[in-house]
Asks: 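One structure follows; several queries about it will come next.
None of the values given here were measured: they were computed from a predicted structure. Residue numbers run from 1 in the order of the sequence given.
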Amino acid sequence: MNKEFHFGNRQKLYTMLQPGSLMVLFSGSEIRKSADAYYLFYANRNFVYLTGISQKQSILLARKNRDGSVSECLYLLPKDAMAERWTGRRLNSDEAGDLSGIHDVRSTESFASQFHAMALGGKFDRVYLDLHRQAAEDADREAHIFAGQMQQTYPHLTVANMNPYVRKLRTIKQPCEIDALRKAEEITKEGILAMMRASRPGMWEYQYKA
């Protein structure tokens, strides 16, 4: 998907948000397996849908002013040569802009102070977060933790769930999404056929005993 796809998704979403509101969306963090080992990271799919970015600990902050105008900012982990040796290369601002269409890209280190200033600036009275849970016993993710912190620190701000709006958008597939699904089906088909062609009588029994 190109940046026009993600830009269009965000513009549709912003029309559903109330004026005088903020929207904060987190890409997520990897889950610790044990000691210093982590499970494979998968970004919040709504974050990818809206930005095209699948890098951990990224944040999208959008501001819908009372006149209906919208501005947006993307926060990314700062470049760190030592950390990137172990966890992989991090996007720079130009790369993030090419993927998302967002060119106001800042370090995650500045998010807390900048959100604090907006929260107390008197221009916003609502904050949208992705508060979806698949099951009641699911562990809290960044959005749930952030919502709890907000209720303590900024009780004047109403917390709203943006997830139903994004789910509504994602229900109707765009032509590029349909093409991608068809391509995925073809790749899956070829993989299954390749396994069938390579199979031989007794192969499973031999591998199982081995």
Side-chain angles (χ1 to χ4, degrees), residues 1-19 21-31 39-64 68-76 88 90-91 93-105 126-144 146-147 159-196:
M1 305 299 174
N2 56 32
K3 64 182 179 183
E4 286 74 20
F5 170 79
H6 303 295
F7 174 82
N9 293 338
R10 295 196 304 276
Q11 297 310 304
K12 292 174 186 176
L13 175 62
Y14 296 151
T15 64
M16 303 178 185
L17 307 184
Q18 292 189 14
S21 63
L22 299 169
M23 185 194 79
V24 181
L25 183 59
F26 300 92
S27 69
S29 301
E30 68 268 70
I31 298 174
Y39 291 104
L40 184 64
F41 171 70
Y42 291 97
N44 178 294
R45 304 320 294 168
N46 289 336
F47 190 91
V48 178
Y49 180 77
L50 293 172
T51 67
I53 291 173
S54 55
Q55 181 171 287
K56 68 177 183 178
Q57 296 178 35
S58 304
I59 306 170
L60 171 63
L61 171 62
R63 306 170 291 281
K64 185 167 184 178
S69 62
V70 176
S71 56
E72 51 189 5
C73 180
L74 188 64
Y75 295 84
L76 300 178
R90 297 176 181 178
L91 295 172
S93 57
D94 290 336
E95 292 168 332
D98 289 340
L99 287 170
S100 66
I102 301 172
H103 298 288
D104 186 355
V105 181
R126 180 181 298 262
V127 179
Y128 290 92
L129 301 169
D130 186 353
L131 298 174
H132 176 68
R133 286 185 189 273
Q134 191 68 26
E137 63 272 17
D138 286 352
D140 285 346
R141 303 297 292 175
E142 283 89 342
H144 303 99
F146 190 71
V159 176
N161 187 9
M162 60 170 282
N163 186 269
Y165 304 132
V166 184
R167 293 174 68 180
K168 181 178 180 180
L169 291 176
R170 294 183 62 183
T171 298
I172 302 175
K173 301 303 181 186
Q174 300 175 48
C176 60
E177 293 178 282
I178 296 173
D179 290 341
L181 288 170
R182 287 173 175 161
K183 183 176 180 180
E185 290 173 352
E186 286 298 318
I187 294 172
T188 301
K189 173 186 172 183
E190 289 302 317
I192 293 172
L193 291 176
M195 288 189 291
M196 293 173 65

Asks: I want to check something: taking the side chain as every heavy atom from C-beta on, are S29 and K56 in contact at a cut-off of under 4.5 Å?
Replies: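 In short, these two side chains do not touch, never coming nearer than 4.5 Å.
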
Asks: P164 and N161: which non-hydrogen atoms are nearest, and at how many Å?
Replies: CD-O, 3.4 Å

Asks: Any side-chain hydrogen bond (donor to acceptor under 3.5 Å, both in side chains) pairs touching residues 180-189, not counting sequence neighbours?
Replies: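 Listed by first then second residue: nothing to list.
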
Asks: Looking at F47 versus F26, is the centre-to-centre ring distance below 6.0 Å?
Replies: no

Asks: Decide salt bridge (charged side-chain N to carboxylate O under 4.0 Å, His left out) for D130 and R45; before the verdict, give the C-alpha distance in whole Å, the side-chain angles of both, and the deciding distance to 0.1 Å.
Replies: CA-CA 11 Å; D130 186 353; R45 304 320 294 168; over 6 Å; no

Asks: So do I53 and L91 actually touch side chain to side chain, heavy atoms under 4.5 Å?
Replies: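 Touching, per the 4.5 Å side-chain cut-off.
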
Asks: Which heavy-atom pair separates V127 from V24 by the least distance, and what is that distance?
Replies: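 Minimum heavy-atom contact is CG1-CG2, 4.3 Å.
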
Asks: Run the salt-bridge test on R10 and E72 with the 4.0 Å N-O cut-off and return the result as yes or no.
Replies: yes

Asks: Say you draw a straight line from NE2 of H132 to CZ of R141; how long is it, rounded to the nearest 0.5 Å?
Replies: 12.5 Å

Asks: Are L99 and T51 packed together at the side-chain level, in the sense that at least one heavy-atom pair is separated by less than 4.5 angstrom?
Replies: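 No, every pair of side-chain atoms sits at 4.5 Å or beyond.
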
Asks: Kindly compute the distance separating OH (Y128) from CG (L13), expressed to the nearest 0.5 Å.
Replies: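 So the gap between those two atoms works out to 9.5 Å.
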
Asks: Could you please spell out the steps behind the side-chain contact (heavy atoms from CB on, under 4.5 Å) verdict for E95 and Q55?
Replies: CA-CA 12 Å; E95 292 168 332; Q55 181 171 287; over 6 Å; no

Asks: Quick check: do S100 and K3 have side-chain heavy atoms less than 4.5 Å from each other?
Replies: no

Asks: Is Y14 atom OH crowded by more than 12 heavy atoms from other residues, nucleotides or ligands, each under 6.0 Å away?
Replies: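 Correct, the count exceeds 12.
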
Asks: Flag the pair M162 / L50 as yes when at least one side-chain heavy-atom distance between them is below 4.5 Å, and no otherwise.
Replies: yes

Asks: Answer whether the closest heavy-atom distance between the side chains of R63 and S71 falls below 4.5 Å.
Replies: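 Sidechains of S71 and R63: in contact.
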
Asks: Does any N or O in the side chain of S58 come within less than 3.5 Å of the main-chain N or O of S27, such that one atom is a donor and the other an acceptor?
Replies: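 Side chain of S58 to backbone of S27: no pair is present.
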
Asks: Rounded to the nearest 0.5 Å, what separates atom OH in Y49 from atom NE2 in H6?
Replies: 10.0 Å

Asks: For the atom pair CD1 (I102) and CG (L74), what is the distance rounded to the nearest 0.5 Å?
Replies: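 If we round to the nearest 0.5 Å, I102:CD1 and L74:CG are 5.0 Å apart.
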
Asks: Would you mind listing every side-chain hydrogen bond (donor to acceptor under 3.5 Å, both in side chains) that reaches into residues 164-180, with sequence neighbours excluded?
Replies: N9-Q174, N46-R170

Asks: Step through the shown structure and confirm whether more than 12 heavy atoms of other residues, nucleotides or ligands are within 6.0 Å of CG on L193.
Replies: yes

Asks: Which pair of non-hydrogen atoms, one from S54 and one from A43, has the smallest distance, and what is that distance?
Replies: CA-CB, 3.7 Å

Asks: Which residues pass the side chain to side chain donor-acceptor pair (under 3.5 Å) test with D104, not counting sequence neighbours?
Replies: R106

Asks: Quick check: do M23 and L61 have side-chain heavy atoms less than 4.5 Å from each other?
Replies: no

Asks: What's the spacing between L22 CG and L17 CG if we round to 0.5 Å?
Replies: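 L22 atom CG to L17 atom CG measures 10.0 Å (nearest 0.5 Å).
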
Asks: Rounded to the nearest 0.5 Å, what separates atom CD1 in I187 from atom CD1 in I192?
Replies: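 Output value for this atom pair is 12.5 Å.
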
Asks: Looking only at heavy atoms, which two atoms of L76 and A96 are closest? And how far apart?
Replies: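 Distance-wise, the nearest heavy atoms are CD1-CB, 3.5 Å.
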
Asks: Side chains of N163 and L131: closer than 4.5 Å at any heavy-atom pair?
Replies: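 N163 does not reach L131 side chain to side chain.
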
